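Everything below concerns the one structure shown next.
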2 protein chains.
Amino acid sequence: MNKFETVDMQQIADMTGVSRSTVSRALSGSPLVSFKTRDLIINAAKQTGYVMNTAARNFRLGRTGVIAVVLTLEHDSPQTINDPFFMEIIAEIAEYLRQRNYNTLIAHERLDDASSFLQSQTVSASDGVIFIGQGKKHEALNELANSGFPIAVWGDATLDCDYTVVGCDNRQGGYLAAKHLIEQCHRKHLAFLGDTHFPEPQARFKGYLDALQEAGLAETNSPLHINISFDPSTAQKALEEFFTRETEVDGIVCCSDLIAIAAISAAQRAGKSVPNDVSVIGFDNISLSQLISPQLTTVAQPIAAGAKSMCESIFAQLSGERPRDDISQAQLIIRDSA
Amino acid sequence: MNKFETVDMQQIADMTGVSRSTVSRALSGSPLVSFKTRDLIINAAKQTGYVMNTAARNFRLGRTGVIAVVLTLEHDSPQTINDPFFMEIIAEIAEYLRQRNYNTLIAHERLDDASSFLQSQTVSASDGVIFIGQGKKHEALNELANSGFPIAVWGDATLDCDYTVVGCDNRQGGYLAAKHLIEQCHRKHLAFLGDTHFPEPQARFKGYLDALQEAGLAETNSPLHINISFDPSTAQKALEEFFTRETEVDGIVCCSDLIAIAAISAAQRAGKSVPNDVSVIGFDNISLSQLISPQLTTVAQPIAAGAKSMCESIFAQLSGERPRDDISQAQLIIRDSA
DNA sequence: TTGAAAGCGCTAACAG
DNA sequence: CTGTTAGCGCTTTCAA
């Protein structure tokens, strides 16, 4: 029992000589209340320091007041969220939802198949779910969407999605990055770092290949597959091996800023200077990308706008609407690393 | 209305021929139910895919099932959380609370005075609040704690606190960092980066001064005050000025890894090599500190353990107990930057 | 424009 | 060990 919510609607009702119903109506802005009583009630509420019990309200309204966020990518990794990109997008989501008087639930729910997901606590404790990344769960997500439960997904839209997809044009992002390396940085031996088993990296890889093709460098590419939500030391080791093996690589497109930061670090450890010996481009444009040295050249993702879009999509679905996707252009931000 | 919770306790009761009460008892593990009926009920629940409506349960129990996290440091800054340290500690809190079937609310509530805070949505929507950082709100926090509302604070314990404080020995951390710079790195011109208007940086600064004193270098220190939750570009500018002004500084103690990363970046931009020309030590040991180059030497904060302590303290208070603080030793992690 | 009454799904006396 | 009953704080028909 929260002993700090001393006053409830009944007390306001008693004070003002009206019924609970009227207090309820007045406080939730119903037009069915006369100005006079409404002001009376609102004043009384202020004076007593009344704060509505939102749990009771949501309960009565048959909703939870919660939107869950699920990180699809953490499939077999025991790790929690350690990619700043996740954190930034979650922060944006939380901030937007807070403005709409919703809570954000950071869920740790695996998505295997739609029906078992629908029976999860995450679903029963929320009014909708935002997935960050499609993982390899495209089918399950489609099924889930068709069940009618509101979801929105941060991901790539090249698949045939029944669910709301929000993100950027990943193919274009990969293309712009590789093209920049080739044309502006005059690089010839490019590499791609990311796990192309997932839709977004895959699309970026495709764009990367397109740029290579266009430049007649299609055979020189050397992709290294790394899991995005990786363990720092594992990634370091893989990257060190990479640099000792691929000695002539002079340009790298990374699938996240975190990977780019690790790649720069590994390159420097291997005695290479960035961007002199090797140019590195990230993806996401997390706020940290400006803080490190060299400042990261990167493909910006519309984090804040995307977070808002996904939330709005959920709300639209809760109102029975059927909203569109929101795929923005990729934008190359040129700084110092490439 | 969540159309996906089709089955409720009454249905399980009907199926098994018992009353709602018995179902409730069985499902919440009450010992007052016979094994036979308990198993019967649990099986029926499984078969129907029943998921308890936690909102209703919490409502009935007079609790919210939510613990709020408030970032005390964001006093006048319009920014949201962009320090990975915050994100990591929040992630740990969220993970621990999830295991206890609690939700984490990332609140954006200012703490001005205790009584107005007690009337906030944040309080009414949660069973307890965790504050990250004391800010300049020590008095208000004491008042709040004395009101009986459960709170726990990540901060420094040198003040006289009526609230649960969790963190590390900040003075010792500052001391260890400065001592390392002096003794191991043979540095003589040290600087301290952080905003000493706040209790934690202040304690660290004190330890830093203690080490200088001990080494007979007390007059050479040159503190630069920076707000921890800073805007990247502002911080960059301040740091660049710093390095052009303080040309002989050869060792820096930073109040966070983020500041250290920015400092290294600025140093490099100013043509200085880290750690050859200037040694830099961070504070926090965020996971990113291993990913950058040079890998960050830093004072580790017990992030996971501290998160757990704060949650446990809240739960203890909810059970009427009066728990102790949890202040751990500071631990210097020596890597490459110093 | 307002009030009376019912009830969201669950738990907890109390009585058996 | 189990059932009956009341009710958490709020909203919303329905009637006035």
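Since the structure is predicted, the reported quantities are computational estimates derived from the model, not experimental observations. Computed over heavy atoms, backbone and side chain alike; hydrogens, waters and symmetry mates excluded. Residue numbers begin at 1 in each chain, while the letters A, B, ... track the order of the sequences.
The distance between atom CG of B:Asp8 and atom P of C:dC8, rounded to the nearest whole Å, is 9 Å. Atom-to-atom, CG of B:Asn58 to C1' of C:dA12 comes out at 16 Å; the value is rounded to the nearest Å. Whole-Å rounding puts the B:Met9 CE to D:dT2 P distance at 15 Å. A:Leu61 has its CG atom 11 Å from the P atom of D:dT13, to the nearest Å. If you measure from atom CZ of B:Arg57 to atom C1' of C:dC8, you get 17 Å, rounded to the nearest angstrom. Atom P of nucleotide D:dG3 and atom CG of B:Asp14 are separated by 12 Å, given to the nearest angstrom. Atom C1' of nucleotide C:dT11 and atom CD of B:Gln10 are separated by 14 Å, given to the nearest angstrom. Taking atom CD1 of residue A:Ile41 and atom P of nucleotide D:dC10, one finds them 13 Å apart after rounding to whole Å.
Of the possible donor and acceptor atoms, none in the side chain of B:Ser120 sits under 3.5 Å from a partner among the backbone N and O of B:Ser116. Remark: the backbone N or O of B:Glu143 is not paired with any side-chain donor or acceptor of B:Asp113 at under 3.5 angstrom. Checking side-chain atoms of A:Glu88 against main-chain N and O of A:Ser287 turns up a donor-acceptor pair under 3.5 Å. For the pair A:Gln134 (side chain) and A:Asp156 (backbone), a donor-acceptor distance under 3.5 Å is present.
For C:dC8, the base is stacked against the aromatic ring of A:Phe59, per a cut-off of 5.5 Å between centres and 30° between planes.
An OP1 or OP2 oxygen of C:dG9 is reached within less than 4.0 angstrom by no side-chain nitrogen or oxygen of B:Tyr50.
Closest contact between the side chain of B:Met52 and the listed nucleotides D:dC10, C:dG9, C:dT11 involves C:dT11.
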Can you build the contact string for nucleotides 2-7 of chain C? Use B for base contact, S for sugar-phosphate-only contact, and - for no protein heavy atom under 4.0 Å. BBBBBB
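Aromatic ring pairs are classed by plane angle as parallel below 30°, tilted from 30° to 60° and perpendicular above 60°; the pair B:His138 and B:Tyr163 is perpendicular. Ring-plane geometry between A:Phe315 and A:Tyr102 is classed as perpendicular, the angle between the planes exceeding 60 degrees on a 0 to 90 degree scale with a lower cut at 30.
Of the inter-residue distances, the one linking A:Leu40 atom CG with A:Thr22 atom OG1 reads 11.0 Å to the nearest 0.5 angstrom.
Listed here is the closest heavy atom pair of B:Asp127 and B:Pro150: O-CG, 3.5 Å.
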Give the dot-bracket line for DNA chain C from 5' end to 3' end: parentheses for intra-strand Watson-Crick or G-U pairs under 3.5 Å, square brackets for crossings, | for inter-strand pairing, dots for unpaired. ||||||||||||||||
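Between A:Phe149 and A:Phe117, the distance separating the two ring centers is not shorter than 6.0 angstrom.
With DNA chain D read from its 5' end, the first of the two nearest nucleotides for A:Ser24 and B:Ala56 is the one closest to B:Ala56.
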